[in-house]
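In each ligand, atom 1 is the first atom listed, and ligand 1 is the first ligand listed.
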Amino acid sequence: MHLLNRLFQDFIGLLYPNLCSGCSKPIYYGESMICTSCLFEIPYTDDHLNPDNRVAKQFWARIQFDGAMALLHFKKGNRVQSMLHQLKYKGKTELGQLLGKMIGDKLLLSTQFKEIDLIIPVPMHRKKLYQRGYNQSLCITEGIAQVLGCPVNDKALLKVKETATQTHKGRLSRNENMTRVFEVFQLAELQGKHILLVDDVITTGATIEACGIELWKAGIGNLSIAAVAFAD
Ligand SMILES: [Zn+2]
C-alpha cells in the first residue's frame, strides 16, 4: 500500500479507532483486531508441543482422545478474557477466525494433530443461536480449516437440550445434567474419521466430554480437542 494510503488509513483510524480486542488500545496500520503488543504478550500455552499438557490432563480417564490443546491461558481480567468476551458477545466473528488461524498454525507444528479429517465446533442450542446470531466456536473452526485445509461440519453434531448458563455456577454443578444434551445427526459423515472438536474456552471440560461421548458412539475413528483458551 502506498504511503499516502497508509497515512489515510491511520488518519481514519484516529477518527474511528479500531480498538484492540485484548487491551482496548487503538490498533494501527498492519495490525488486525489484536495489537502487536498483545500478540507478543498474551499468555500462550505451548500445549501443542506438550502431550501431557493441562488440557489433556483434564480429559484423562474421562474420554478417549489423541491430542488436546488450548492456545492461551484464560484468567479473569486478562487480555484473553477480553478477547473471548468480544468474540462471544460483541459480534466479532472475524476475531474468531483470526484466533482459529493462530490455533491452526500451532497444530501444524505439532506431531499430535496429524491427519485431521473433519473439524466440528461445539454446537449451540438453536434458541441461543437465534439470539446471538452466530456460533463463536464455528468462527474459530473456520480459521483452523483455512490453515489445515480440512472441511468443517456444524450440522453433524447438534445441541438438542438447553443448559443453564455456566457463568455463575460452581464447578461441581456444571458437570450435572450433561446427558442427552448433544446428539449426532449425520452418522455417515463421522464414521472412521479423525475429528477435531473445537470450543472457545475449556473450564471443567464437561461440554467437550459430553460432545466426545456422542461422537465416539457415532463411530468416529479418532478425536482431538482444541480451544482458544483454558481456564486453569
Ligand atoms: Zn492489544
> Just wondering, do Phe59 and Ile208 contact through their side chains at under 4.5 Å, heavy atoms?
Replying inline: yes
Walk me through whether Lys155 and Glu189 qualify under salt bridge (Lys or Arg N to Asp or Glu O under 4.0 Å). CA-CA 10 Å; Lys155 304 282 187 291; Glu189 294 293 318; over 6 Å; no
By side chain to side chain donor-acceptor pair (under 3.5 Å), Gln186 pairs with (sequence neighbours left out) Asn153
Note on the Zn ion (ligand 1): protein N/O/S atoms within less than 2.8 Å are Cys20 SG, Cys23 SG, Cys35 SG, Cys38 SG
Practice item. Return yes when atom CZ of Arg126 has more than 12 non-hydrogen atoms of other residues, nucleotides or ligands closer than 6.0 Å, and no otherwise. Key: no
Yes or no on side-chain contact (heavy atoms from CB on, under 4.5 Å) for Phe74 and Thr45, after CA distance, side-chain angles and deciding distance?
-> CA-CA 10 Å; Phe74 176 99; Thr45 62; over 6 Å; no
With Lys92 as partner, the option from Gln86, Gln136, His85 fulfilling side chain to side chain donor-acceptor pair (under 3.5 Å) is Gln86
